[in-house]
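Note that the structure is a prediction, hence the values are computed from the model and not measured.
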Amino acid sequence: MGASLPPKEANLFKLIVKSYETKQYKKGLKAADTILKKFPNHGETLSMKGLTLNCMDRKSEAYELVRLGLKNDLKSHVCWHVYGLLYRSDREYREAIKCYRNALRIDPDNIEILRDLSLLQAQMRDLEGFVETRQQLLTLKPNHRMNWIGFAVAHHLNSKYASLLVCGSKAVDILEAYEGTLDDDYPPENERCEHGEMLLYKISLLEECGFPERALEELRKKESKMVDKLDYKEQEALLILKLGRFEEGEKLFRVLLTMNPDNYRYYDGLQRCLGLYSEKGQYTADEIDRLENLYRVLAHQYSRSSAVKRIPLDFLQDDKFREAADNYIRPLLTKGVPSLFSDLYPLYDHPGKADILGEIVLKLEQSLKSTGGYPGRVEKEPPSTLMWTLFYLAQHYDRREQYDIGLTKIDEAIEHTPTVIDLYSVKSRILKHAGDLAAAAALADEARCMDLADRYVNSECVKRMLQADQVTLAEKTAVLFTKDGEQHNNLYDMQCMWYELASGESYLRQGELGRSLKKFLAVEKHYADITEDQFDFHSYCLRKMTLRAYVEMLKFQDRLHSHAYFRKAASGAIRCYLKLYDSPLKSASEEDDAMSKLPPSQKKKLKQKLRKAEARAKKDAEVKIEESNATSATKSGKRHVKPVDPDPHGEKLIQTEDPLAEASKYLKLLLKHSPDFLETHLLSFDVNMRKQKILLALQAIKHLMRLDADDPKSHLCLMKFFHKVDSLPTPVTDSEKLIWGVLEAERPAFSQLHGKSLIEANNTFLEKHKESLIHRASVAELLHVLEPNKKAEAVKLIEDSVNDLVSMDGGKGTVRSWKLNDCITVHKLLETTLVDHDAASRWKVRCAEYFVHSTYFGGIQSSANNQVQKSPANGAVGLNAGENSSLSSNGRLEKLNALKDLQI
């Protein structure tokens with residue numbers, strides 16, 4: 001570096017490099033300018049100056065200087081390396097790799113460039129190249145521990161794409177070769193943890209390669225060198241279990257239970273060793289007796305463990321379950337454990353157990369009300385026990401969809417003890433399930449006001465407000481727990497994805513596609529950032545020897561986009577783009593034409609309204625600039641000024657010329673990472689039908705039939721697809737004939753259509769699912785599509801549906817078969833697709849009788865008919881809050897401005 005310079009300038013060049021490494025950028029810049037005064041065309045100095053400017057956020061100058069430096073000295077590995085670093089800082093990893101490879105052609109043994117290249121190869125999952133680079137690093141510097149470990153990890157990661165047995169075995173051989181270079185008394189005291197982690201990684205590799213016996217032998221051989229004794233014992237127990245040495249494994253799991261009797265994994269291991277484990281939780285009568293005896297002994301041994309009392313509830317049946325559940329519930333109600341229902345919630349999926357739980361708690365409630373104590377006991381219970389019993393019962397009836405009884409119980413609990421926040425939160429949840437979203441938001445806000453320092457309760461309140469489409473109020477509530485200054489940006493900076501998803505869905509419901517897209521794409525950006533965040537760990541984990549965690553992190557990153565939040569964001573974005581395609585925005589000329597047709601008075605009012613909107617937007621932008629510039633100063637006295645978002649409401653996002661192309665970007669990610677979800681292929685069908693991609697739409701249909709052929713949406717897509725195909729003109733071109741041939745060959749593969757017309761297939765589907773409302777609605781919609789003249793028959797098919805009583809969870813309790821969301825879907829179908837407003841009105845009146853709390857249907861007990869008043873005790877924002885209502889500050893913010901556009 002700087003070899004072509006005189007000694008004085010060469011020393012200055014070294015100072016530039018040192019200043020860059022120590023982040024003294026001004027000092028480095030000064031040294032670079034000194035060199036360039038004498039040697040203005042020195043390529044390496046120009047490149048280093050550009051790299052320094054890049055760190056000072058002067059990117060355009062940086063690229064210009066680096067390219068100029070490279071032009072002046074194409075054969076300098078420094079110039080190519082710096083160019084790669086520049087690309088790497090902008091996350092242009094493929095371009096950076098090209099630059100590093102060019103640098104290595106000039107200086108093939110440069111360790112620093114090789115190390116940087118290996119990090120990028122790991123990031124981009126170029127695992128074959130990663131193996132080659134790590135091998136070269138090891139060859140150049142074999143006395144460096146990190147090079148041995150990096151080479152082994154590279155082979156292990158490459159086993160995902162190559163042979164696991166071969167690559168995994170190579171990784172083990174490399175680690176053993178590294179151990180052969182160590183002294184007998186290695187490691188020293190300060191490296192024991194890191195060495196122990198490396199040994200545990202090696203053992204996990206042996207197990208993964210299918211050598212559990214060798215792994216166990218190695219584990220026991222190196223016991224003295226392992227610091228993490230708990231991990232050692234867990235690995236030993238799991239390996240013995242894998243080898244089928246159950247008696248030995250039983251002893252080890254019992255030892256682990258003495259160390260932590262609340263670890264569920266230890267109980268699972270013990271059951272496996274005893275031959276009493278079932279993945280589906282189904283056991284014979286003999287196995288249940290043996291399990292009962294086992295846990296009776298364990299409960300005596302670990303009397304303070306909650307796990308040993310909770311696990312038997314999963315396998316016990318009938319009277320034995322009743323007795324165990326009663327014994328489990330009583331002390332937790334006495335203690336006042338709010339999470340008791342959440343703990344028992346999985347049992348509600350077991351046939352008959354939900355009824356037993358309800359009977360137990362009802363019996364306790366009756367006894368507490370009549371005697372003040374539990375049945376069969378003389379001791380009196382504290383007054384709070386009755387309140388927690390009512391609290392549990394309210395959640396029980398909510399889960400059973402008996403909302404009226406649930407609300408009665410929770411109101412009784414609130415009357416008993418009106419100061420417990422959890423009661424208001426649960427009542428809010430019940431009202432949400434019952435369909436009164438506005439009242440649910442008001443109750444959640446009342447709970448929030450009872451403890452202004454509780455972030456969780458505040459978040460619950462925000463969530464309810466967004467579900468009720470009160471976006472403005474929700475945003476002002478959410479920022480109460482952000483830092484002063486850039487409050488709105490803080491929610492984005494904190495990657496608060498649940499808020500962005502809920503906000504995006506709310507905007508989508510209200511038809512504000514720009515704002516909705518902005519929120520959904522913000523979530524997608526967070527996932528891109530999470531992917532980028534792994535970069536720093538490629539070197540850190542090898543250095544610190546956290547190898548097992550590192551490999552798990554890489555596996556997590558590989559499946560990152562299959563996470564539910566990303567799936568929701570991508571689905572929401574696709575739905576926005578589909579709406580944009582179906583209802584394109586008006587161009588400026590069309591808007592002018594529409595305005596010219598208005599009367600002068602209306603035209604004047606519209607212009608005034610537009611001017612006010614522009615002024616308000618300008619003012620909002622200025623406020624955000626001031627907030628950005630008023631951020632807290634650092635210790636050095638400098639202020640961090642963040643760039644202001646030029647498109648805060650997503651107005652530019654919806655100006656896209658090709659919405660379907662944008663939707664396809666996110667659809668590809670869903671098809672790659674979430675192929676087992678019905679919604680993925682429903683969206684694929686919608687997008688490809690609009691793009692006239694017939695074969696891709698057929699592929700989506702095949703996936704839908706594979707996942708759930710009985711789903712009404714799958715049936716709808718299948719019928720619509722072949723109805724569209726049947727209406728296509730006779731193929732003319734070779735490509736059209738080829739597509740037609742594929743369709744004719746694939747059609748018999750669908751059993752639903754085998755030997756039947758579309759109308760017959762639709763009728764068969766109706767016969768199979770005639771008791772289901774949503775299936776009948778699907779058949780009615782198709783009847784209207786296939787035979788438009790039978791609209792009255794389609795409407796009658798829906799109106800003839802009967803809301804029967806059905807059993808729930810295989811128990812004694814019964815509920816109505818119709819679900820609120822299904823009824824709302826049917827109403828929208830009548831209103832928009834079938835366009836029968838009279839039928840839609842009749843349906844709304846009918847549903848209002850069943851869903852008395854639903855604001856959508858105007859139920860008699862909903863807040864639409866009974867306005868919730870503002871609570872004078874807590875100052876919560878009620879449903880009829882006036883313009884002067886304000887949010888309570890949580891001790892850090894003053895009262896916010898009056899909420900003028902309160903959305904209900």
**OP:** Check whether the side chains of Tyr550 and His538 place a donor and an acceptor atom closer than 3.5 Å, and report yes or no.
**Re:** yes
Subject >> Phe520/Tyr666 aromatic ring centres below 6.0 Å >> reply: no
Original post:
Would you call Tyr63 and Tyr87 a side-chain contact if the rule is heavy atoms closer than 4.5 Å?
Top reply: yes
Subject >> Distance-minimising heavy-atom pair for Ile240 and Gly249 >> reply: CG2-N, 3.5 Å
Subject >> Sole candidate of Glu234, Gln271, Arg254 that passes side-chain contact (heavy atoms from CB on, under 4.5 Å) when paired with Tyr266 >> reply: Glu234
**OP:** Take Phe151 and Tyr178 through the test ring pair (Phe, Tyr, Trp, His ring centres under 6.0 Å) and record every step on the way to the result.
**Re:** CA-CA 11 Å; Phe151 190 34; Tyr178 166 66; over 10 Å; no
Original post:
Of the non-hydrogen atoms in Phe246 and Cys273, which two are nearest, and what is the gap between them?
Top reply: CB-O, 3.2 Å
**OP:** Indicate whether any N or O donor in one side chain lies under 3.5 Å from an N or O acceptor in the other, for Asp126 and Tyr93.
**Re:** no
Original post:
Are a donor atom and an acceptor atom from the side chains of Asn458 and Arg455 found within less than 3.5 Å of each other?
Top reply: no
**OP:** Kindly say whether the aromatic ring centers of His156 and Tyr201 come within a distance under 6.0 Å.
**Re:** yes
Original post:
Heavy-atom distance under 4.5 Å between the side chains of Arg214 and Val172, does that happen here?
Top reply: yes
Original post:
Which heavy-atom pair separates Val66 from Gly50 by the least distance, and what is that distance?
Top reply: CG2-CA, 4.0 Å
